[in-house]
Amino acid sequence: MQAATHREQLVGMLCEAAEIEHCLMCTYLYAGLSLKQTADEDLTADELAAVRRWRLEIIRIATDEMLHLALVNNLLIALGARPHYRRFNFPISSHLFPADIAVALLPFDESTLDHFVYLERPLGTTERDSEHLEKIAFPRIAIADRLMSFADDYSTVGELYGAIEDSFAQMIQRTSEAAVFLGPICAQLTQKDFRLRGLCTVASMNDVRGAIELIRYQGEGSATATSGSHYARFCAIRTEWRALKAARPTFVPARTVARNPVMRSPMALDRIQIVAEP
């Protein structure tokens, strides 16, 4: 993925990162809270203990996404932009993010777990996304020096953050840290505001590297180790799930819940007929 060529494009990349983190947080919470909680829901003692562990682990991962969202907004404020807490309603249109970054509100089943592993995968892994998730392949191609901000195609969330880090570095190289970090540091969130370990302010390139390295390490892991990352934790849940499923094929850890629940059907642009006036 290409680095930003101007400040507004970097702001757009950061806003997209904020939207992705916000959507992932909602996705993980929805799936995690769909898990059963009592033994009378057709669970053995061992299965109930495992499901309770998974529920707690997923909530912790969702909390990490809250930290990532806060750090991205600190990066935005450091640039002199406004924090971005907007997100799109579910179901998310398949054209809003790159084709490989699909998010949806889904019950916690085997295909959903495969999807979570895929979302958090490090670049270069052989993980395959869930076959039950509808995805439309399309390229996003950025045009250099265009007026509107636009993030081009990327395969993983970690790749987006790599491009964001490169964008900061190149802007500082062209100008200076003083010219890039224009926003008031007092407007940024810290651990005094929220008890999120790792939440820190951004006022230098070293701070940018630290914030992005934390986000990438917690998500996909580092280049040398993935232990403790979201990717590794979802893989561990999947391994335990498969073992319990092999021991009892009728094992179902989650309740029956709706997929992408909505109060009314979303408007689809491809269904709207535009009639030109004579």
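None of the values given here were measured: they were computed from a predicted structure. Start at 1 with the first residue, then count along the sequence.
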Would you tell me whether Glu65 and His230 have side-chain atoms, one donor and one acceptor, within less than 3.5 Å of each other?
-> yes
Can you check whether Ala4's main-chain N or O pairs, donor with acceptor, with Ser167's side chain at less than 3.5 Å?
-> yes
Which pair of heavy atoms, one from Glu21 and one from Val157, lies closest together, and at what distance?
-> OE2-CG1, 4.5 Å
How long is the gap from CG on Asn260 to CG on Asn89, to the nearest 0.5 Å?
-> 11.0 Å
Apply salt bridge (Lys or Arg N to Asp or Glu O under 4.0 Å) to Glu240 and Lys245, showing your working.
-> CA-CA 9 Å; Glu240 190 174 13; Lys245 188 78 171 180; over 6 Å; no
Is the cationic atom of Arg121 (NZ for Lys, CZ for Arg) positioned less than 6.0 Å from the six-membered ring centroid of Tyr118 and within 45 degrees of its normal?
-> yes
Counting only N and O atoms by type, is there a donor-acceptor contact under 3.5 Å from the side chain of Lys36 to the main-chain atoms of Val252?
-> yes
Just by modelled atom types, is the Phe251 backbone N or O under 3.5 Å from a matching donor or acceptor in the Glu47 side chain?
-> no
Quick one: closest heavy-atom pair of Pro253 and Trp54, and the distance?
-> CB-CZ3, 3.9 Å
Can Leu76 and Cys15 be said to form a side-chain contact (heavy atoms from CB on, under 4.5 Å), step by step?
-> CA-CA 8 Å; Leu76 279 165; Cys15 288; 4.2 Å; yes
Measure up the Phe181 and Phe168 rings against each other and bin them: parallel (under 30°), tilted (30 to 60°), perpendicular (over 60°).
-> parallel
Cation-pi check, Arg87 onto Phe90 ring (under 6.0 Å, within 45° of axis) = no
For the atom pair CD (Glu177) and OG1 (Thr175), what is the distance rounded to the nearest 0.5 Å?
-> 9.5 Å
So does Asp114 pair up with Arg128, basic N to acidic O under 4.0 Å?
-> no
Does the Arg86 side chain pair with the main chain of Glu19, one donor and one acceptor, at a distance under 3.5 Å?
-> no
Any donor-acceptor pair under 3.5 Å from Asp207 side chain to Ser204 backbone | yes
Can you find a side-chain donor-acceptor pair between Glu16 and Tyr154 that sits under 3.5 Å?
-> yes
Is there a donor in the side chain of Asp40 and an acceptor in the side chain of Thr38, or the other way round, less than 3.5 Å apart?
-> yes
May I ask you to decide if Pro107's main-chain N or O and Thr112's side chain share a donor-acceptor pair within less than 3.5 Å?
-> yes
Check Ala104 against Thr27 and note the closest heavy-atom contact, atom names and distance.
-> O-CG2, 3.1 Å
Under 3.5 Å, is there a donor-acceptor pair between the Tyr161 and Glu213 side chains?
-> no
Roughly how far, to the nearest 0.5 Å, is the CG atom of Leu35 from the CG atom of Leu48?
-> 11.0 Å
Around Arg248, counting heavy atoms of other residues, nucleotides and ligands shown, do more than 12 lie under 6.0 Å from its CZ?
-> yes
Give a yes or no on whether Phe194 atom CZ has more than 12 heavy-atom contacts from other residues, nucleotides or ligands under 6.0 Å away.
-> no
From His22 atom NE2 to His68 atom NE2, the distance as rounded to the nearest 0.5 Å = 14.5 Å
Using the six-membered ring wherever Trp is involved, compare the ring planes of Phe116 and Phe234 and label them parallel, tilted or perpendicular (cut-offs 30° and 60°).
-> tilted
Roughly how far, to the nearest 0.5 Å, is CG of Leu75 from CD1 of Ile164?
-> 7.5 Å
Do NZ/NE/NH1/NH2 and the carboxylate oxygens of Glu159 and Arg216 come within less than 4.0 Å?
-> no
Quick one: CD on Gln170 to CG on Leu10, what's the gap to the nearest 0.5 Å?
-> 10.5 Å
Using the rule that two of Ile, Leu, Val, Met, Phe, Trp, Tyr join whenever any of their side-chain heavy atoms come within less than 4.5 Å, decide whether Met205 and Met171 are in one cluster.
-> yes
Which one of Asn74, Leu182, Val202, Val180 satisfies the side chain to side chain contact (heavy atoms under 4.5 Å, CB included) criterion with Leu79?
-> Val180
Atom CZ of Arg197 with >12 non-hydrogen neighbours under 6.0 angstrom | no
